[in-house]
Structures are given as C-alpha cells and as structure tokens.
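Quick note on labels: first sequence line is chain A, next is B, and so on, each numbered from 1.
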Protein chains: 2
Amino acid sequence: MPTRTASQRRAEASIIYDAYLAECPARQLLDRIADKWVSLVVNALADGPRRYSELQRRLASVSQKMLTQTLRHLERDGLVSRTVTPAVPVRVAYELTPLGRSLLPVMRAIKDWAEEHMDEVQAARVTYDTPD
Amino acid sequence: MPTRTASQRRAEASIIYDAYLAECPARQLLDRIADKWVSLVVNALADGPRRYSELQRRLASVSQKMLTQTLRHLERDGLVSRTVTPAVPVRVAYELTPLGRSLLPVMRAIKDWAEEHMDEVQAARVTYDTPD
DNA sequence: CTGTATCCGAGGAGATACTG
DNA sequence: CAGTATCTCCTCGGATACAG
C-alpha cells in the first residue's frame, strides 16, 4: 500500500470532487451543510453534548420537525452521534463526532459573520432600495 | 465620539444580534448566506471580476433564474458589485466588494470542507443505512 | 449577451395530533 | 421526554418564452 500524506490525499480529492458540478456528490453535500439549521445545530453542540430539549430551547422557534430532521441528517452523515439513556422518561443526547467537530469552525465562522456584518448589510440594502 | 476597538464593537454586536432567534435580522442573513448558490458564486468570484456568462459556465448547470436571483441578492446586500459596459452586445461584470471579500474565506472553507470530507460522509451513510 | 416573466412540480417548513 | 405522522402552505428551482 502506497503511503500518501494527508495533503496529497486532499489534492487527489480536489480533483475527484468538484462542487461546481451538479452531479458531483460534493455538490449535494454542500447543499446539505450550507443550511441555516445545520449551522445553528452544529454551533449549539460546540461546547459538548446536548439533550434534545436543550437544543429546542437554544434554537428558539425551531419546529420539532426541522430539528429532528436536521439531527437525523447530521447523524446519518456521521457529524453527530445520538446516545439514548434508557430511563423514565428517556434521555437522548446529541454530540459532535470528530468529523462534525472538523466542521464546527466553518459553521461558527458563518454564524459569526452574519452577526458581525448585519449592520453593513442592512446599510447596503437601504442604499440599494433607495431610488436615486 | 467614543473610541471603541473592533473587538469591543463585535462584542456589542453579538449582544444585539443573535442568529438563534427567529426574529433577529442576523437569522435571516444567515439563512441568506448559508446557501449553496451563494457559496458557489462567491467562490467563483474569488480571483477577480467575472462576466455573467463566465459564471454560468463555471457553475455548471445553474439555471439563469437562480444565478440572476443569487447575484441580485448579493448585490443588494452589498457583497457584490455589478458593472455594465455599454456595448453591443452589452457586457456585465460582477465583482466582490470589500464586504463580499470578507465573506470569501468562510465560503471557501465550506466548499473545501464538502469536497475534502466527502469520502468520510459517504462511509458514514453506508454504515447508517446498513441494517445490523 | 444579459437578462425578465411566467408556469409548474418537488421539496422545505410550520401546525397539529398522536405514541413509547 | 423525544419523537413520528399528516396536512397544508409556500418557496425553491427548473423549463420555457420573450426582450433590450
């Protein structure tokens, strides 16, 4: 088996996967993670495991459906692990996997950007919407 | 006028804007930029101005509607500038503004992440989908 | 070349009700 | 508590046709 460095493998991957192409799996993955709910959920799991109800509280006014759906997708993609503690009532904890944690900086950056540049964007909108 | 450091201003902003709240403008902005097309367009503009038709070629199989819509949104939000060169036929160039360029590292990171971790995600999906 | 306008189907997303 | 199951509304997004 040939030995390859991580950067070499990345270089190969960038040849194989090209998100600009509609048919490329990476394009679908981009579509999956470039998502409001994914960003918020991953950010909410930044500091460790969280219970379902904790996430629901943190993400004010996310519907049960979207929260569950997002968590299922993240679990299936290996970004989040789900741990059920058999008790009455049952406790379910969600936690970022190592793979999920590798996405955290990106998700944090996008959320922070939105919060930090809100003023500039709003000013630009006013300018754009104002008839000369 | 009081002098404040950039980090102090950021701290204030993080108090005012909270993307976890549905009503917060930052939440809508997050929804806007956490988007497949935004990521691809901003990345495609990384190396300088691009014409409409260049973008259309680069983003294989983006429809006119989505490309135009995305560019309009980005222009309105002050992330992209639009320059029309009156000629026959007319030339239109799009370029990242300084604000748009501040978003570029984030958009690049998310696209790169998708391309680099595709294999791991696909492996996780197989595991998830395989009945024990 | 760079758009706008319109139609239409598929999926996103909330509200509500029900279950182990 | 942590979901699943519907129902419904609505936006996303592609296809097509037309215009400056």
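Side-chain contact check for A:Asp119 and B:Tyr17: at least one donor-acceptor pair (N or O, by modelled atom type) lies under 3.5 Å. Residues A:Tyr94 and A:Arg50 have side chains that never bring a donor and an acceptor to within less than 3.5 angstrom of each other.
As rounded to whole Å, 14 Å separates atom P of D:dC18 from atom CD of B:Gln64. Between the P atom of C:dG12 and the CG atom of A:Leu67 lies a distance of 16 Å, rounded to the nearest Å. The nearest whole Å value for the distance from the CG atom in A:Leu55 to the C1' atom in D:dG3 is 14 Å. The distance between atom NE2 of A:His73 and atom C1' of C:dG12, rounded to the nearest whole Å, is 11 Å. Between the CZ atom of A:Arg72 and the C1' atom of D:dA2 there is a distance of 9 Å, given to the nearest Å. In this structure, CZ of A:Arg57 is placed 11 Å from C1' of D:dC1, rounded to the nearest angstrom.
Close to D:dG3, at under 4.0 Å from its OP1 or OP2, lies a side-chain N or O of A:Tyr94. For the pair B:Arg51 and C:dT2, the criterion of a side-chain N or O lying under 4.0 Å from OP1 or OP2 is met. Remark: B:Arg82 is in phosphate contact with C:dG3, judged by side-chain N or O atoms under 4.0 Å from OP1 or OP2.
Each end of the helix from C:dC1-D:dG20 to C:dG20-D:dC1 gets its own rotation axis from five pairs of C1' atoms, and the angle between them is 50° to the nearest 10 degrees.
With hydrogens and angles ignored, the 3.5 Å screen pairs a side-chain donor or acceptor of B:Thr97 with a backbone N or O of B:Gly78. A distance-only check finds no donor-acceptor pair linking the side chain of A:Tyr52 to the backbone of A:Arg91 [under 3.5 Å].
For B:Thr68, whose side chain is taken as the heavy atoms from C-beta onward, the closest listed nucleotide among C:dT4, D:dG3, C:dT2 is C:dT4. For A:Ser53, whose side chain is taken as the heavy atoms from C-beta onward, the closest listed nucleotide among D:dT4, D:dA2, C:dG3 is D:dA2.
Here the side chains of A:Leu96 and A:Leu104 are in contact, with some heavy-atom distance below 4.5 Å.
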Can you give me the N/O atom pairs linking the protein to nucleotides 11-13 of chain D at distances under 3.5 Å, or say none if there are none?
from, atom 1, to, atom 2, distance (Å)
D:dG13, N7, B:Lys65, NZ, 2.5
D:dG13, O6, B:Lys65, NZ, 3.1

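Map B:Pro89 and A:Glu54 each onto its nearest nucleotide of DNA chain D; the residue landing nearer the 5' end is A:Glu54.
Legend: residues meeting ring-ring contact (aromatic ring centres under 6.0 Å, His included) with B:His117, ordered by chain and number and at least two apart, are B:Trp113.
Atom-to-atom distance recorded for B:Arg32:CZ and B:Leu74:CG is 8.0 Å, nearest 0.5 angstrom.
We find that B:Glu115 and B:Lys111 are joined by a salt bridge, their nearest charged nitrogen and carboxylate oxygen being less than 4.0 Å apart. Ion pair B:Lys36/A:Asp35 not flagged as a salt bridge, since none of the NZ, NE, NH1 or NH2 atoms sits closer than 4.0 Å to an Asp/Glu carboxylate oxygen.
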